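Each remark here refers to the structure printed beneath this line.
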Amino acid sequence: MKYDFKAVEKKWQEKWRELGCFKASDKDGLENFYILIEFPYPSGYGLHVGHARPYTAMDVLARKRRLQGQNIMLPMGWDAFGLPTENFAIANKIHPAKVNENNIKFFKSQLENIGYSFDWDREIDTTDPSYYKWTQWIFLQMFKHGLAYKAEMPVNWCTSCKCVLANEEVVDGVCERCGSDVVQREKSQWMLRITKYAQRLIDDLALVDFPERVKTQQINWIGRSSGAEVTFKTTAGDDLLIYTTRPDTLFGATYMVISPEHPFIDRWADRIENLNDVRAYQKESARKSDFERTELSKDKTGVRIEGVTAVNPVNGKEIPIFISDYVLMTYGTGAIMAVPAHDTRDWDFAKKFDLPIIEVVKGGNVSEEAYTDCAEGIMVNSGMLDGMSVEEAKKAIIEYLEKEGIGHAKVNYKLRDWVFSRQRYWGEPIPIIICDKCGYVPLDESELPLTLPEVESYETTDTGESPLSKIDSWVNVTCPHCGGPAKRETDTMPQWAGSSWYYLRYCDPHNDKELASREALERWMPVDWYNGGMEHTTLHLLYSRFWHKFLYDIGVVTTPEPYKKRTSHGMILGENGEKMSKSRGNTVDPNDIVRQYGADTLRLYIMFIGDFEKEVSWNSESIKGCNRFLDKIWSLGDKVVGGGMSADLEADFHRTIKKVTGDIENLKFNTAVAALMTLVNKILDKGAVTKKEFETLLILLNPFAPHMTEELYEKVIGGGYLHDCRWPEYDEAKCVENSVEIAIQVNGKLKSRITLPIDISESEALSAARSEEKTAAAIAGMTIVKEIYVKNKLVNIVVKKG
RNA sequence: GCGGGUAUGGCGGAAUUGGCAGACGCGCUGGACUUAGGAUCCAGUGCUGCAAAGCGUGCAGGUUCAAGUCCUGUUACCCGCACCA
């Protein structure tokens with residue numbers, strides 16, 4: 001009888017729901033394991049098969065671990081605030097909440113069709129006021145602890161979204177979401193002081209099991225460097241503070257450069273003789289986007305400030321000061337000492353402006369190019385540092401600077417504080433009231449959640465104000481502090497807010513007293529295994545580690561890190577090898593595959609398609625192989641005979657159990673499936689399968705193809721449900737056959753193969769090999785120089801003429 | 001420029017970490033069954049060659065009885081960061 005996947009899949013999906021098989025238990029004394037998958041943003045387009053890859057993988061892991069007796073939490077939810085929903089709402093004049101509701105409904109039906117074993121009782125939606133109440137609550141705690149602050153600063157402004165973006169959201173000078181130009185605008189923004197956690201975010205990577213590439217990427221993003229801050233006196237009276245990682249080269253500093261945004265330019269306006277030129281340059285660089293500024297990086301530009309000079313503090317030499325946009329106001333102090341002999345950028349600049357280049361580390365040819373890699377160089381032209389190594393010189397000069405009170409050791413980070421305001425409607429309102437008298441006043445916690453008002457229009461404004469600013473009845477309030485008239489903050493939080501702590505909410509999703517009870521957090525945290533995309537490494541993954549550390553510091557959570565283990569999946573590309581996207585028209589809808597082949601085939605193919613951690617192209621032909629494989633298993637159900645494990649298949653079964661068990665844990669799903677196929681081929685060659693063997697096969701296959709295996713279990717094995725079974729164990733001793741095929745090489749070239757009893761002695765193996773027909777012919781008349789025997793694998797006979 | 005990664009048949013990919021390269025699947029070739037086949041089953045399938053045999057893991061060397069795997073050099077592609085002082 002043909003396998004009716006439509007009926008069978010529906011039957012079991014309903015059965016599982018009815019029985020509540022996948023609910024994570026909050027009982028004590030169980031072996032808990034928390035598996036987390038990045039929750040999706042429910043866009044109107046629905047899921048494509050790329051989304052299904054990590055879900056399927058973690059579902060396979062979860063189902064296998066449940067069969068092994070663990071209490072698994074595999075929750076799912078919706079990261080639903082964000083621009084696409086809002087833009088769709090604007091375009092179609094539908095309330096974003098309604099749009100979101102529809103999208104979630106569609107997403108959920110897609111997920112259910114694939115038969116994932118999520119615990120839907122723990123479903124969360126970041127746009128639900130009962131959820132974002134706690135997002136706002138965390139923000140208030142950050143505000144109270146000085147981690148949330150408002151600052152006037154240049155920010156990334158997306159010209160199309162009409163909204164501020166975090167640095168992490170700007171990719172190649174354009175908006176990560178919509179691809180439009182990003183320009184700099186001066187705006188007053190809420191900021192989160194992630195920089196306060198920079199060092200701990202680096203250090204605590206030692207506590208977690210993340211892939212090396214994830215750790216390295218985070219470390220590079222945080223960008224720690226150590227050096228010194230040094231004060232240079234100027235003729236304008238103000239001391240110029242600079243940061244350098246090369247204090248050892250201080251004697252080679254022949255000029256200084258300050259950023260065009262440096263505040264001293266205004267302060268020095270009266271003294272600057274060529275103020276017009278300086279102003280013109282400032283204007284020009286302000287006009288450039290970040291992208292243009294880096295584009296032109298080869299050709300250095302700048303203007304010498306006439307009328308003010310500085311003094312090199314170690315040798316007393318008077319040196320000029322320039323402004324140039326190769327110095328960024330946002331890093332270090334916005335001012336540098338330039339050492340052209342040992343820094344490529346300074347060298348380029350010095351050549352262009354004909355400035356002196358003084359070698360202070362011997363070893364390069366500084367008239368040709370900057371000598372930057374001077375690990376083994378020796379100090380010269382550097383007074384007291386002469387003759388020292390670079391390392392020694394660094395230490396000595398810092399000691400000197402500290403003694404003289406003109407400088408000190410300093411650690412710097414590239415990481416910047418997190419721009420946390422968005423001028424959009426569809427986000428969590430920031431629970432702050434702005435009072436002319438009292439400043440920024442936090443909303444009382446009892447007033448949370450501060451819900452979004454109903455508005456007529458969600459249109460953005462060109463002035464850069466949030467749509468919320470137009471709702472007078474919502475904006476105008478009385479100050480909770482002084483009782484005077486005040487206004488609400490009208491910016492909302494960025495999309496990343498809700499996802500920065502969602503894993504905590506799953507532990508206790510219906511709690512209305514706290515974000516999660518201590519008991520639930522202690523039961524489930526930290527997340528045992530978190531799988532997600534590499535693209536979130538310096539966004540969500542870093543942000544959530546930061547929030548978690550803050551919550552740890554204020555005693556809300558009990559672990560310093562949120563995730564014990566992180567893995568990352570490779571992308572599934574479209575059939576044409578390009579990234580799947582609606583605009584490219586190369587997406588594959590899992591619903592289509594489920595309709596054509598069934599969910600089990602889809603699941604199996606997604607796991608079989610290739611190495612889980614590497615990207616791979618979809619292939620609509622290859623999927624047939626998985627469908628055929630399942631059909632074979634279905635018809636095998638008619639051939640089952642009574643009895644236990646048969647002798648001739650015992651080793652194959654034990655090996656397969658071992659392989660599948662290990663491969664699932666190591667994310668080698670493709671080879672786990674291949675091993676199951678190999679086993680089935682063996683069974684089909686033999687032509688018969690016993691009840692015990694079939695049962696074992698069904699359990700091993702269950703995580704991949706849960707519907708068909710449940711059905712076959714009920715139909716053929718009977719007496720309960722497959723999901724109540726135990727995962728099979730293997731016996732190492734039974735994994736091997738009692739005879740093995742041994743390769744025979746002569747001078748390293750394969751000549752023949754012979755079958756010998758397992759664990760045969762070396763001398764027996766060698767003599768068997770020598771007397772094998774082809775081998776004997778090959779070594780006839782030769783002198784045997786050496787014989788190698790690799791136990792149960794091969795024999796290599798090394799011969800030479802004569 | 002810095003950091004990370006990849007390279008194996010027509011295709012997706014295996015290879016117990018130095019031990020029989022190409023598991024498993026797709027595709028392809030031939031055959032069977034069939035009114036029919038985009039179903040199923042059987043056989044074959046790295047390349048050259050009628051064969052014997054030879055060649056073969058991006059390229060060039062090296063170590064070794066033995067190299068996809070280790071070492072040196074090199075090329076191409078992908079990802080992340082990038083005027084970060």
Side-chain angles (χ1 to χ4, degrees), chain A residues 2 171-172 211-221 223-225 227 242-246 249 253 257 259 293-300 324-328 330-339 342-346 348-349 372 412-416 534-535 537-538 570-571 604-605 608-611 613-626 628-629 631-632 635 655 658-659 662 668 670-681 684 741-753 785-799:
Chain A
K2 191 146 171 37
V171 177
D172 291 337
E212 264 326 296
R213 56 184 173 150
V214 170
K215 289 189 180 182
T216 322
Q217 225 169 292
Q218 289 205 344
I219 288 168
N220 289 346
W221 183 260
R224 181 196 150 103
S225 71
I242 63 101
Y243 171 72
T244 177
T245 54
R246 294 296 304 276
T249 62
V257 186
S259 155
R293 255 170 99 148
T294 53
E295 267 293 84
L296 301 167
S297 65
K298 287 277 176 279
D299 189 29
K300 296 278 176 292
S324 172
D325 61 9
Y326 87 86
V327 173
L328 309 173
T330 43
Y331 183 77
T333 61
I336 62 157
M337 66 172 197
V339 185
H342 304 287
D343 181 283
T344 313
R345 295 151 300 175
D346 298 345
D348 291 344
F349 192 88
T372 54
N412 245 320
Y413 302 91
K414 289 187 207 170
L415 186 70
R416 298 187 214 158
M534 278 306 286
E535 70 275 18
T537 301
T538 54
M571 233 187 305
L604 196 69
Y605 179 57
F608 185 61
I609 190 166
D611 187 328
E613 299 181 87
K614 292 188 191 133
E615 64 176 30
V616 65
S617 299
W618 184 260
N619 185 316
S620 51
E621 283 297 306
S622 289
I623 193 168
K624 288 178 190 164
C626 292
R628 279 178 202 149
F629 173 67
D631 279 346
K632 283 182 200 171
S635 38
R655 272 202 301 266
K658 182 181 178 180
K659 179 84 180 145
K668 301 290 177 200
N670 52 337
T671 49
V673 175
L676 287 165
M677 289 173 167
T678 309
L679 178 66
V680 169
N681 289 343
L684 290 172
E741 196 178 57
I742 290 190
I744 307 175
Q745 299 177 338
V746 174
N747 286 348
K749 299 234 182 225
L750 183 70
K751 280 290 170 233
S752 186
R753 297 186 175 94
V785 180
K786 196 173 183 180
E787 290 174 313
I788 290 117
Y789 173 56
V790 182
K791 195 173 166 190
N792 298 330
K793 288 221 166 69
L794 64 67
V795 167
N796 188 12
I797 303 173
V798 185
V799 294

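Excluded from the calculations below are hydrogen atoms, water molecules and symmetry mates; all remaining heavy atoms, backbone and side chain alike, are included. Residue numbers begin at 1 in each chain, while the letters A, B, ... track the order of the sequences. Since the structure is predicted, the reported quantities are computational estimates derived from the model, not experimental observations.
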Rounding to an integer number of Å, can you tell me how far [X] [atom1] sits from [N] [atom2]?
| X | N | atom1 | atom2 | value |
| --- | --- | --- | --- | --- |
| A:Lys793 | B:A66 | NZ | P | 19 Å |
| A:Asn619 | B:G10 | CG | C1' | 12 Å |
| A:Arg628 | B:A39 | CZ | P | 6 Å |
| A:Met677 | B:A14 | CE | P | 14 Å |
| A:Asn681 | B:C26 | CG | P | 10 Å |
| A:Lys668 | B:A15 | NZ | P | 7 Å |
| A:Tyr243 | B:C83 | OH | P | 16 Å |
| A:Met534 | B:G3 | CE | P | 17 Å |

Task: Nearest heavy-atom neighbours spanning A:Asp611 and A:Asn670 - done: N-ND2, 3.6 Å
Task: Which atom of A:Thr333 lies closest to which atom of A:Ile242, heavy atoms considered - done: OG1-CA, 3.3 Å
TODO: Between B:G19, B:C81, B:G4, spot the one nearest the side chain of A:Trp221, thanks.
DONE: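 So the side chain of A:Trp221 is nearest to B:C81.
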Open item on the list: Counting only side-chain heavy atoms from C-beta out, which of B:A66, B:C24, B:G80 sits nearest to A:Ala674?
Closed with: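 For the A:Ala674 side chain, the nearest candidate turns out to be B:C24.
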- [ ] May I ask you to evaluate whether A:Ser225 reaches the phosphate of B:A85, defined as a side-chain N or O under 4.0 Å from OP1 or OP2?
- [x] yes
Task: Phosphate contact (B:C24 OP1 or OP2) by A:Lys659 side-chain N/O below 4.0 Å - done: no
TODO: Using a 4.0 Å heavy-atom cut-off across all strands, classify A:Ile788 as base, sugar-phosphate, or nothing.
DONE: base
- [ ] Fit a plane to each ring of A:Tyr243 and A:Tyr331, take the angle between them on a 0 to 90° scale, and name the class: parallel (under 30°), tilted (30 to 60°) or perpendicular (over 60°).
- [x]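 A:Tyr243 and A:Tyr331: perpendicular rings.
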